[in-house]
Enquirer: 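One structure is given below, represented as structure tokens, and several questions about it will come after.
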Amino acid sequence: MKKIYNYNYLFYILCFLFGALATFSITPYSLLPLIFMLGYGVFLISNLSCLKKTFLAGWFLGLGWFSFGLYWIGSAFFFSDALHQYLMPLSIIILPSFLALFWALAFFLARLLTPLNFSPLLLIIINLSLLEFCRAHIFTGFPWLMPSIILSSNIYLIQIFSFVGSFTGNLMVLLFSILPMILFSKFYKNKAPVFFIFVPILILLYSSFYRYNNRNLIETNTNFSIILVQPNINQKDKWDKNKRKYHLAKLVNLSKKKLEKSKKYKIIIWPETSFAGAIPNEKNLLSKFTKTIIKDQNTYLVLGLLSLKEKKVFNSLIFLNSSGNIEYKYDKLHLVPFGEYVPFRKYFNRIANLFSPTEFSPGILRKNIALKGLGEILTLICYEILFSNEVTKRTSKNTKLIINITNDAWFGRTVGPYQHFALSKIRSVELGIPLARVANTGISSVISPYGKEIVTIPLYEEGVIMIDSIPPLKQTMYKKFGEYIFIISILFIMFINYSVFWNNKKENINEK
């Protein structure tokens, strides 16, 4: 294997392949042992002494991870016009290339800050974790495909998020992936670091298994039901005005299937932009078909649609009551760059118009709605479920349910919808709050505070499901302490790295 370092191009290709193979540890494949491919790639790069080569190798490892993990973004362009289809290669090349720079910088700084006769392996892991945190926050943030997502593939491992959250989860996954390499590395003759790293991970794994095996029995709220409606409407037909009547009829008929006359409180949830129209222009039509569905005052219809105000367009969610009136309106706060708006449009207007001549505006933060019989509900539209810090800030001790409506039809039968669904489950476990997720073509589900799918409508299936609401947990460790856990974890690994450095330095002095 040492000879491979002499062939630059072959080594870079190998790094790319290690990053690419590691993505198969993520749902829907969930081949968890393949995460060691990522760890082995990190280990090989840590043995380099040249800064330039270290940077390039780190970039190729990241390129493999992001290009294979995010290829599905290109699917969205097949549902756009011919002009936008020419932009598809740019999206599947430029975005992974840009994201890989974060990883390249992590490797570069680790090598730069470590003497040549010492291994930067642990410092690389620290830097990768810190730069993944930065990636989730700067330039509006893009916390998709972080290494910790692999934990969502297993009902026991997903419990880890309730203790430490996603960013500390990144640190844990990366550390675990390099443990075999540390055991056999000549730079770690003293195996104490392995012990000090492995023991906290072992405790966390044990706590996660214990948490799920000893979970509280979920006593459902029999006075409140949630109805999920997944119409499975083709994205190319979604905005066809000639087919809107048929699409509305489908949504209405599916909704009526599970409705029954009772004193129960009920929420019927439709997907993002399920109504192909905008308010206030079509408020009367909304009111009309709502009255055909809802026959009692205890039922609400939740749906996604566009809203217009002062020449601005919003991606919105509304609660409609039995009178057909809007009880609550929420405008999406965190928009998708290049999908819902183009950053710095005023400086690059011509280029921006290639993506879209118009764009959405962000909404204004509103107080969460509180419904009689259930309590406070947090509403999120699509992409917003990714941002743990923003979601946490918008919850309170009274939040009983998270509703996330989305439309993943843009991404076809790729891994994209599965990854998005996994991120939804992670948020539910982190906060200990049940989540009702409704997607146009799937995956729609009610997720328990333990990350279990209580009911699910699979991808590309039409369906409707009714279930009694689930109570939230009183508290989770992550919800209580937040990213203080991440800060403490980083400082702990930095201390171990510092100890290893001085122990090795003393050994080298004694040998001389």
Side-chain angles (χ1 to χ4, degrees), residues 1-19 22 36-65 99-135 147 170-171 173-198 489-512:
M1 183 58 76
K2 288 183 179 180
K3 291 182 180 179
I4 200 71
Y5 289 109
N6 299 323
Y7 302 94
N8 288 349
Y9 294 111
L10 188 59
F11 180 68
Y12 296 145
I13 291 170
L14 194 63
C15 289
F16 177 87
L17 290 175
F18 282 140
F36 290 111
M37 292 290 97
L38 185 63
Y40 191 56
V42 171
F43 173 72
L44 288 178
I45 299 170
S46 72
N47 293 327
L48 296 172
S49 57
C50 174
L51 284 172
K52 180 182 177 182
K53 196 170 181 179
T54 299
F55 181 88
L56 287 172
W59 184 81
F60 273 100
L61 182 71
L63 184 65
W65 173 265
L99 296 176
L101 289 174
F102 285 88
W103 286 29
L105 185 60
F107 285 94
F108 177 83
L109 291 175
R111 182 70 277 174
L112 181 67
L113 298 172
T114 306
L116 289 178
N117 54 335
F118 294 99
S119 171
L121 189 56
L122 284 179
L123 191 54
I124 289 171
I125 298 303
I126 293 167
N127 288 348
L128 279 172
S129 301
L130 289 171
L131 283 163
E132 283 294 279
F133 181 86
C134 293
R135 180 167 73 85
N170 287 335
L171 181 62
V173 168
L174 290 168
L175 284 170
F176 189 75
S177 73
I178 64 162
L179 275 178
M181 277 59 79
I182 291 179
L183 280 170
F184 298 104
S185 174
K186 66 178 181 179
F187 290 105
Y188 294 92
K189 296 174 185 177
N190 183 350
K191 300 306 176 187
V194 179
F195 174 81
F196 286 114
I197 293 171
F198 184 69
S489 301
I490 287 289
L491 292 174
F492 175 69
I493 303 302
M494 287 178 72
F495 174 75
I496 291 175
N497 187 55
Y498 180 81
S499 301
V500 170
F501 173 79
W502 280 107
N503 284 335
N504 287 349
K505 190 173 183 180
K506 285 179 182 180
E507 287 179 10
N508 288 345
I509 292 171
N510 291 335
E511 287 176 3
K512 290 178 181 179

Enquirer: Is there a side-chain contact between S129 and I490, using heavy atoms and a 4.5 Å cut-off?
Expert: yes
Enquirer: Among residues at least two apart in sequence or on other chains, which ones pass side chain to side chain contact (heavy atoms under 4.5 Å, CB included) with S177?
Expert: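 Checked S177 against side chain to side chain contact (heavy atoms under 4.5 Å, CB included); matches are I35.
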Enquirer: I'd like to check the side chain to side chain contact (heavy atoms under 4.5 Å, CB included) partners of T114; sequence neighbours left out, ordered by chain and number.
Expert: R111, F118, P120, L123
Enquirer: Answer whether the closest heavy-atom distance between the side chains of I45 and F11 falls below 4.5 Å.
Expert: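 Yes - at least one pair of side-chain heavy atoms lies under 4.5 Å apart.
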Enquirer: State which residue, out of L122, L121, N117, fulfils the side chain to side chain contact (heavy atoms under 4.5 Å, CB included) condition with S119.
Expert: L121
Enquirer: What are the two closest non-hydrogen atoms of L171 and S489, and how far apart are they?
Expert: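 Nearest heavy atoms, L171 then S489: CD2-CB, 3.6 Å.
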Enquirer: Do F107 and N127 have side-chain heavy atoms sitting under 4.5 Å apart?
Expert: no
Enquirer: Drop me the distance from L99's CG to E132's CD, to the nearest 0.5 angstrom.
Expert: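 It is 8.5 Å, given to the nearest 0.5 Å.
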Enquirer: Tell me every residue that passes side chain to side chain contact (heavy atoms under 4.5 Å, CB included) with L17, counting only those two or more places apart in sequence or in another chain.
Expert: I13
Enquirer: Looking at residues at least two apart in the chain, or sitting in another chain, which of them share a ring pair (Phe, Tyr, Trp, His ring centres under 6.0 Å) with F36?
Expert: F176
Enquirer: Once rounded to the nearest 0.5 Å, what's the spacing between atom CG of L112 and atom OG1 of T54?
Expert: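 L112 CG to T54 OG1: 10.0 Å, rounded to 0.5 Å.
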Enquirer: Who are the side chain to side chain contact (heavy atoms under 4.5 Å, CB included) partners of Y12, not counting sequence neighbours?
Expert: N8, K53, L56, A57, F60
Enquirer: For residues L38 and V173, determine if any side-chain heavy atom of one lies less than 4.5 Å from a side-chain heavy atom of the other.
Expert: no
Enquirer: Only one of V42, I126, I493, L128 passes side chain to side chain contact (heavy atoms under 4.5 Å, CB included) with L174; say which it is.
Expert: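 With L174 as partner, V42, I126, I493, L128 yield a single side chain to side chain contact (heavy atoms under 4.5 Å, CB included), made by L128.
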Enquirer: Roughly how far, to the nearest 0.5 Å, is the CG atom of L105 from the CG atom of L109?
Expert: 4.5 Å
Enquirer: Is any side-chain heavy atom of I197 closer than 4.5 Å to a side-chain heavy atom of F492?
Expert: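 They are not in side-chain contact.
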Enquirer: If you count the non-hydrogen atoms of other residues, nucleotides and ligands that lie under 6.0 Å from CZ in F495, is the total more than 12?
Expert: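 Atom CZ in F495 is not packed in, count stays at 12 or less.
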Enquirer: Can you name the ring pair (Phe, Tyr, Trp, His ring centres under 6.0 Å) partners of W65, sequence neighbours left out?
Expert: W103
Enquirer: Starting at CG of L63, measure out to CZ of F16 and round the result to the nearest 0.5 Å.
Expert: 5.0 Å
Enquirer: Which pair of non-hydrogen atoms, one from F102 and one from L131, has the smallest distance, and what is that distance?
Expert: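 What the structure gives for the nearest pair is O-CD1, 3.2 Å.
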